[in-house]
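One structure below.
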Amino acid sequence: MHVLITGGAGFIGSHLVDLHLGRGDKVHVVDNLSTGSRDNLASHLDRADFHFTEADIVTWPSLDEAVGWADRIYHLAAVVGVFRVLERPIDVMATNIAGSERLLRAVDHCGWRPQVLLASSSEVYGPRVDGCLREDMDLIVQADAPPRWNYAISKLADEAFALSYARTKAIPVTVVRLFNTVGPRQRGRYGMVVPRFVSQAVAGDPLTVFGDGTQSRSFTDVRDTVQMLDQLAGCATTDGLIVNVGGNHEISINELAERAIERAGSSSPVEHLPYEVAYGQEYVDIPHRCPDLTRLHGLIEYRPQWTLDATLDDLIARVRHREGAS
Ligand code: UDP
């Protein structure tokens, strides 16, 4: 199979590359390396069955050709990460929406119908607090929205484009709403909590909990996420569907901090920082986030193999190994 992965040098994309090359597929990655990195692909760069292009999805001249080559496309290229979204609210809207529309248009014009999996986000559920989040729920967009919600709005626009192309142009596209995904190669630089806590715990530094720490998330290991994405993309009945992808074991950020300290055998303290200090501006956090997985489990057999503790142990070992080597 020929697989095109936009944003394939990033955290989730690079794990998709591993999965498909491991299976004997040919893979082409396009990534502008804004948050992705060549290091994430280092072990594949010399392979004949792998091709990497450094380019922006919005302007890449060879997009049509790459789309025409592909049997399957994972569209992950986007401006991501809370810190980056707050810093670059215009880029988030412009790149995320234009990139998705350009890709879908290229698929429509390429003369045949590769399977497309378009990455959306649990952010589209906004600041809801009522139970597990279902794909068919009405969504709340905060009035007077500060740029904090631009990412969610850009992903909603992507979803609307994808479903419109599915309905009016018969493009086989599945929209996945990814919940908090964690694992190797995720960086803390753009805000993600798990790599930050792991590095802090290993270094013996204070774990910086933003707000009062009662907010909760459910985390999924990226190695499970990519298995689920692959099964969804290979599933005949997902065209034009939105599907939550994640796990549903919720944990508060305070508990997560304690867990990281415990697994690392660290004596780091926990420090609570007000949101204004953490994000450098007013910030509306999402108090709880947990997916309803009924639709996902009705479509695919795969169930996550990684527990949060196993992921934390693995990440802690990797940080220690890196530090030992440097
Ligand atoms: N968070 C935290 N300390 C950090 C980074 C993040 O307490 O060093 C909090 C953040 O405010 C949020 C949660 O952890 O409540 C998850 O943050 P992340 O950016 O990983 O994901 P998202 O907010 O998109 O769910």
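No hydrogens, no waters, no symmetry mates; every other heavy atom, side chains included, goes into these values. In each ligand, atom 1 is the first atom listed, and ligand 1 is the first ligand listed. Computed from a predicted structure; not experimentally measured.
- Looking at Glu123 and Arg177, no side-chain N of the basic residue comes within less than 4.0 Å of a carboxylate O on the acidic one, giving no salt bridge.
- A heavy-atom separation below 4.0 Å is not found between Tyr190 and ligand 1.
- If you check which protein heavy atom lies closest to atom 7 (O) of ligand 1, you get Phe210 N, 2.7 Å.
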Exercise for the section: Show your working on ring-ring contact (aromatic ring centres under 6.0 Å, His included) between His20 and Tyr74 and close with a plain yes or no. Expected result: CA-CA 11 Å; His20 280 286; Tyr74 295 97; 5.4 Å; yes
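- Within the structure, salt bridge (Lys or Arg N to Asp or Glu O under 4.0 Å) pairs that include any residue of residues 251-269 comprise Arg259-Asp309, Arg263-Asp309, Arg263-Asp313 (at least two apart or interchain).
- The closest protein non-hydrogen atom to atom 10 (C) of ligand 1 is Tyr279 OH, 3.2 Å.
- Not close to ligand 1: Gln200, with no non-hydrogen atom less than 4.0 angstrom away.
- Looking only at protein heavy atoms, the nearest one to atom 15 (O) of ligand 1 is Asp285 OD2, 2.6 Å.
- No more than 12 heavy atoms of other residues, nucleotides or ligands sit less than 6.0 Å from atom CD of Glu65.
- If you run side chain to side chain donor-acceptor pair (under 3.5 Å) between Arg223 and each of Asp18, Thr311, Asp314, only Asp314 comes through.
- The closest heavy-atom contact to atom 3 (N) of ligand 1, among the options Thr208, Thr214, Thr181, Asn180, comes from Thr208.
- Between Trp69 and His2, the two ring planes are parallel [angle under 30°; tilted spans 30° to 60°].
- Considering only non-hydrogen protein atoms, atom 23 (O) of ligand 1 sits nearest to Arg217 NH2, 3.4 Å.
- Ranking protein heavy atoms by distance to atom 5 (C) of ligand 1, first place goes to Gly191 O, 3.2 Å.
- At the shortest separation from atom 18 (P) of ligand 1 among protein heavy atoms lies Val193 N, 4.0 Å.
- With sequence neighbours excluded, no residue satisfies side chain to side chain donor-acceptor pair (under 3.5 Å) with Asp31.
- Between Arg217 and Asp285, at least one side-chain N (NZ, or NE/NH1/NH2) sits under 4.0 Å from a carboxylate O, which counts as a salt bridge.
- Which parts of ligand 1 touch Val209 is read off a 4.0 Å heavy-atom cut-off, strictly below it: atoms 7 (O).
- Of all the listed residues (Gln215, Gln186, Met192, Glu123), Gln215 holds the heavy atom that lies closest to atom 9 (C) of ligand 1.
- Scanning all protein heavy atoms for the shortest distance to atom 24 (O) of ligand 1 gives Arg289 NH1, 3.7 Å.
- Shortest contact from atom 13 (C) of ligand 1 to any protein heavy atom: Ile253 CD1, 3.7 Å.
- Looking at Tyr275 next to ligand 1, no N or O pair under 3.5 Å apart turns up.
- Salt-bridge check for Asp136 with Arg295: failed, with every basic side-chain N at 4.0 Å or more from each acidic carboxylate O.
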